[in-house]
Chemist: 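Sharing a structure, written as structure tokens. Questions coming.
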Amino acid sequence: MTSVDSGTSADFIRSVIAEDLRTDKYGGRVVTRFPPEPNGYLHIGHAKSICLNFGVAAEHPGGVCHLRFDDTNPTREDMEFVDSIQEDVRWLGFDWQDHLYYASDYFEQLYALAEQLIRSGLAYVDSLTAEEIRDFRGTLTEPGRNSPYRERSLEENLDLFQRMRAGEFEDGRHVLRAKIDMASPNMNLRDPTLYRIRRVPHQRTGDAWRIYPMYDFAHGLSDSIEKVTHSLCTLEFEDHRPLYDWFLDSLEVYHPQQIEFARLNLTHTVLSKRKLRHLVEQGCVSGWDDPRMPTLSGLRRRGYTPRSIRKFCDRVGVAKRDTVVEMALLEHCLREDLNQHAPRVMGVLRPLKLIIDNYPEGQTEEFEAVNNPEDPSMGTRLIPFSRALYIEEDDFREDPPSKFYRLAPGKEVRLRYAYLVTCVAVVKDEQTGDVVEVHCTYDPDSRGGTAPDGRRVRGTLHWVTEADSVAAEVRLYDHLFSQPNPDEDTDGGDVPADLNPNSLEILQQCRVEPGLGEATPGSIYQFERQGYFVVDNADSKPGGLVFNRAVSLRDTWAKIQQAQKNPA
RNA sequence: UGCCCGGUGGUGUAGCGGUAGCACGUCAGCCUUUGGAGCUGUAAGCCCUGGUUCGAGCCCAGGCCGGGCAGCCA
């Protein structure tokens, strides 16, 4: 039932629903809806709404959540988006069963309702131009004025409206408006527009209509037609609720309850279709599904799991104050999920050759590695070992700082699952002075990684063999914006100032353990000691592996270094 | 400057007149064949001023601050 029963407290919306159930306001029904306009891709902000609407419905026996496309504006909508939206909602893990609807399915009913409003003397055809209407509307502090067409006769209104439908007038010639109150302090009630002429084909109704209903008229009445009980929307529609109610009451039809909640905001990114579109169009990202994008398709390609996103939406909660959630929480939710479920592998991002001088040339052996220490049922695998290996460049320092537990001249470390090795020499590039090869000796008695005498070895390094490892490209992603709250507008038309220039780093020379050769797109691994990486679902091919870093592991060493750099 | 909504640690969120809690983040420690994970601990909060009350984060009044609204967009 409600989450109250499970020990956690209900948010204000669930409380309202629980109360409505208690008073039997809707005959025990719970019907919600997720109403996207098919004019763009879904993002993490929509996920909050999806989780809320579908979540609330699922919490009650018989509860359902409709997926309804608010396709009332053919000039900006496209079927391409209705497909991607359905895909994303399904991917997130929700099911609308057979409740897939389109506002355009109701055009005929909505038209009849509009005529009914006219007959009740509550709507009229206005023939002012768009500019005149704006002018007559008044301002936030001054009342508007009545349109000279406001008192047209019922017959004339009906006739005009029917001819609007018939396509007799060009765009903008007339509109249908509600007759409410041009002096209302609520701008939405100053005779809002109900229908406008748009002589363009609609993606679903084709040439059937020359007039299309506006959001306020279509939305609430669609809710009513579908017998929605709770119509959950974001805060900016709060001022629209009196209008929502006005239509329902004036037409004396079934009356759902609109409830508003705060939309999601996230640090280090932007969350509006307009701004996201800008990033795509300016080429700041590779597309709507760029792994840095907060779109669901971007997050999916980045390696985010549906479960982690649902968990995130859960933790973010639902309330009315508008807030900005830290990206760190989203990342935490991903780590938490992947720690539990992602298989561990070894992958070297920046390879440095390591030769074990006393390990026989040509000899190889295998070690058993644990696939997931958090989940023994995931079993083990065998990984090959030999004389020539690669380790991470960062794991060797010729002149190690304090607290550096990794490899350095004379120091001993453990090669994960394999042997303890001690650095005995380095080979440098004569030109640059860079260390290009590290030489070690191994302790044959430390097979598996434990010292026979119990001596303590703090550092454990991941590695791959030179011969068996597989080449891969790895894309390292970071926040799209360097500031937590990016500069609001990018009106100039080019790249936003706060765009993080280091949000993508491509590594071409990576080596991963042999088993990854047949990794399939979309599968996610933990590269031990580094982070979680997903096989890119667009660019990875057999023989041309591409991994995206979803999120790094918590990096304590990085913090220590940071502290050493900035004492205080 | 009209109307509407909202202000609880750095962030998000509980608390419904009776000891201000949880999570993320921070810092410290423990543990560790991932400097991962885990565990323990630490610091940090009711916008302000009055009022009602034995008692106010919660109720009332007045301020202050933040957000939304003037599409033939949604």
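Below, chain A is the first sequence line, B the second, and so on; all start at residue 1. Computed over heavy atoms, backbone and side chain alike; hydrogens, waters and symmetry mates excluded. Everything numeric here is computed off the predicted structure, so don't read it as measured data.
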Chemist: Does anything in residues 368-381 of chain A form a salt bridge (charged side-chain N to carboxylate O under 4.0 Å, His left out)? List the pairs, not counting sequence neighbours.
Modeler: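 Non-adjacent pairs meeting salt bridge (charged side-chain N to carboxylate O under 4.0 Å, His left out): A:R381-A:E513.
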Chemist: Please list, chain by chain and in numerical order, all residues satisfying ring-ring contact (aromatic ring centres under 6.0 Å, His included) with A:F404, sequence neighbours excluded.
Modeler: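 Per chain and number, A:F404 pairs via ring-ring contact (aromatic ring centres under 6.0 Å, His included) with A:W557.
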Chemist: Tell me: CZ of A:F12 to P of B:C5, nearest whole Å?
Modeler: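 So the two atoms are 13 Å apart, to the nearest Å.
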Chemist: Go through the structure and list residues passing salt bridge (charged side-chain N to carboxylate O under 4.0 Å, His left out) with A:R152, not counting sequence neighbours.
Modeler: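 Salt bridge (charged side-chain N to carboxylate O under 4.0 Å, His left out) check on A:R152 returns A:E156.
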Chemist: List, with names and distances, any nitrogen or oxygen atoms from the protein found under 3.5 Å away from nitrogen or oxygen atoms belonging to nucleotides 67-69 of chain B.
Modeler:
unit_1 : atom_1 : unit_2 : atom_2 : d
B:G67  : O2'    : A:D322 : OD2    : 2.9
B:G68  : N2     : A:D239 : OD2    : 2.8

Chemist: Holding to salt bridge (charged side-chain N to carboxylate O under 4.0 Å, His left out), I want the full list of residues that pass it with A:R350, two or more places apart in sequence or in another chain.
Modeler: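 With neighbours one apart ignored, the set is A:E505.
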Chemist: Check every atom of B:C24, B:A14, B:C27 against the side chain of A:D11 and return the nucleotide holding the closest atom.
Modeler: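 My answer, after comparing the listed nucleotides, is B:A14.
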Chemist: Please report the distance, rounded to the nearest Å, between CZ in A:F312 and P in B:G25.
Modeler: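 Distance check: A:F312 CZ to B:G25 P gives 13 Å.
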Chemist: Taking the ring centre of each residue, are A:F367 and A:Y417 less than 6.0 Å apart?
Modeler: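 Centroid distance A:F367-A:Y417: not below 6.0 Å, so no.
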Chemist: So, A:Y244 and A:D223: side-chain donor and acceptor under 3.5 Å apart, yes or no?
Modeler: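 Yes, side-chain donor-acceptor contact under 3.5 Å.
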Chemist: In residues 189-196 of chain A, which residues come under 4.0 Å of RNA chain B by heavy atom?
Modeler: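 Under 4.0 Å from RNA chain B: A:T193, A:R196.
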Chemist: Please state how far atom CG in A:D216 lies from atom C1' in B:A70, giving the value in whole angstrom units.
Modeler: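 Distance check: A:D216 CG to B:A70 C1' gives 14 Å.
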Chemist: Using a heavy-atom cut-off of 4.0 Å across all strands, would you classify A:T129 as base, sugar-phosphate, or nothing?
Modeler: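 A:T129: base contact, heavy atoms under 4.0 Å.
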Chemist: When you measure from the side chain of A:S308 to the backbone N and O of A:T305, does any donor-acceptor pair fall under 3.5 Å?
Modeler: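 Yes.
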Chemist: Just jot down the side chain to side chain contact (heavy atoms under 4.5 Å, CB included) partners of A:V413, sequence neighbours excluded, or say none.
Modeler: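 With sequence neighbours excluded, A:V413 shows a side chain to side chain contact (heavy atoms under 4.5 Å, CB included) to A:L407, A:V421, A:L461, given in chain and number order.
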Chemist: Quick one: salt bridge (charged side-chain N to carboxylate O under 4.0 Å, His left out) partners of A:R198, sequence neighbours excluded?
Modeler: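 Scan of A:R198 (salt bridge (charged side-chain N to carboxylate O under 4.0 Å, His left out), adjacent residues dropped) gives none.
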Chemist: Any base atoms under 4.0 Å from A:L415, or only sugar-phosphate, or nothing? Heavy atoms, all strands.
Modeler: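 Here A:L415 touches no strand at all.
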Chemist: Rounded to the nearest angstrom, tell me the gap between atom CZ in A:F261 and atom C1' in B:U13.
Modeler: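 In whole Å, B:U13 C1' and A:F261 CZ are 16 Å from each other.
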Chemist: Considering only side-chain heavy atoms of A:T141, which listed nucleotide, B:G2, B:C72, B:A14, is closest?
Modeler: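 Nearest listed nucleotide: B:G2.
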Chemist: Does anything in residues 172-180 of chain A reach RNA chain B, meaning a heavy atom under 4.0 Å, and if so which residues?
Modeler: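 Contacts with RNA chain B under 4.0 Å: A:G172, A:V175.
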Chemist: Return the orientation label for the A:Y111 and A:W209 ring planes: parallel under 30°, perpendicular over 60°, tilted otherwise.
Modeler: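 It falls in the tilted class, 30° to 60°.
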Chemist: A:Y417 near the nucleic acid: base, sugar-phosphate alone, or nothing, with a heavy-atom cut-off under 4.0 Å?
Modeler: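 A:Y417: base contact, heavy atoms under 4.0 Å.
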Chemist: Checking all strands, does A:R414 fall into the base, sugar-phosphate, or nothing category for heavy-atom contacts under 4.0 angstrom?
Modeler: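 Since a base atom lies under 4.0 Å of A:R414, the category is base.
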Chemist: Heavy atoms only, 4.0 Å cut-off, all strands: where does A:M214 land among base, sugar-phosphate and nothing?
Modeler: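 Sugar-phosphate only.
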Chemist: Would you say the ring centroid of A:H202 lies under 6.0 angstrom from that of A:F107?
Modeler: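 For A:H202 and A:F107, the ring centres are under 6.0 Å apart.
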Chemist: Describe the nucleic acid contact of A:V318 in one word from base, sugar-phosphate, nothing, applying a heavy-atom distance below 4.0 Å.
Modeler: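 Here A:V318 touches the backbone only, sparing every base.
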Chemist: A:I259 has an atom CD1; how far is it from atom P of B:C4, in whole Å?
Modeler: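 Going from A:I259 (CD1) to B:C4 (P), I get 20 Å.
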Chemist: May I ask you to check whether A:F81 and A:F69 place their ring centers less than 6.0 Å from one another?
Modeler: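 A:F81 vs A:F69: aromatic centres not under 6.0 Å.
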Chemist: Aromatic ring centroids of A:F247 and A:F217 under 6.0 Å?
Modeler: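 Between A:F217 and A:F247, which both carry aromatic rings, the centre distance is below 6.0 Å.
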Chemist: Mind checking if A:T72 touches a base, just sugar-phosphate, or nothing, with heavy atoms under 4.0 Å?
Modeler: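 It contacts sugar-phosphate atoms only.
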Chemist: Checking A:E366 now: which residues fulfil salt bridge (charged side-chain N to carboxylate O under 4.0 Å, His left out) with it, not counting sequence neighbours?
Modeler: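 If we apply the salt bridge (charged side-chain N to carboxylate O under 4.0 Å, His left out) test to A:E366, skipping adjacent residues, there are no hits.
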Chemist: Output the pairing pattern of RNA chain B as a dot-bracket string, 5' first, Watson-Crick or G-U wobble with both distances under 3.5 Å, | for cross-strand pairs, [ ] for crossing pairs.
Modeler: .((((((..((((....[..))))..((((.......)))).....(((((..]....))))))))))).....
Chemist: Rounded to the Å, how far apart are A:Q562 CD and B:G25 P?
Modeler: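 It is 18 Å, rounded to the nearest whole Å.
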Chemist: I need the NZ-P distance between A:K320 and B:A14, as an integer number of Å.
Modeler: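 Rounded to whole Å, this separation is 13 Å.
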Chemist: Show each protein N/O and nucleotides 35-42 of chain B N/O combination with a separation under 3.5 Å, one pair to a line.
Modeler:
unit_1 : atom_1 : unit_2 : atom_2 : d
B:G35  : OP1    : A:R529 : NE     : 3.4
B:G35  : OP1    : A:R529 : NH1    : 2.7
B:G35  : O3'    : A:T556 : OG1    : 3.3
B:G35  : O2'    : A:T556 : N      : 3.4
B:G35  : N7     : A:R406 : NH1    : 2.7
B:G35  : O6     : A:K403 : O      : 3.4
B:G35  : O6     : A:Y405 : N      : 2.8
B:G35  : N1     : A:K403 : O      : 2.6
B:G35  : N2     : A:Y405 : OH     : 3.4
B:G36  : OP1    : A:T556 : OG1    : 2.5
B:G36  : N2     : A:E374 : OE2    : 3.1
B:A37  : OP2    : A:R554 : NH1    : 2.7
B:A37  : O2'    : A:N339 : ND2    : 2.9
B:A37  : O2'    : A:E374 : OE1    : 3.4
B:A37  : O2'    : A:E374 : OE2    : 3.0

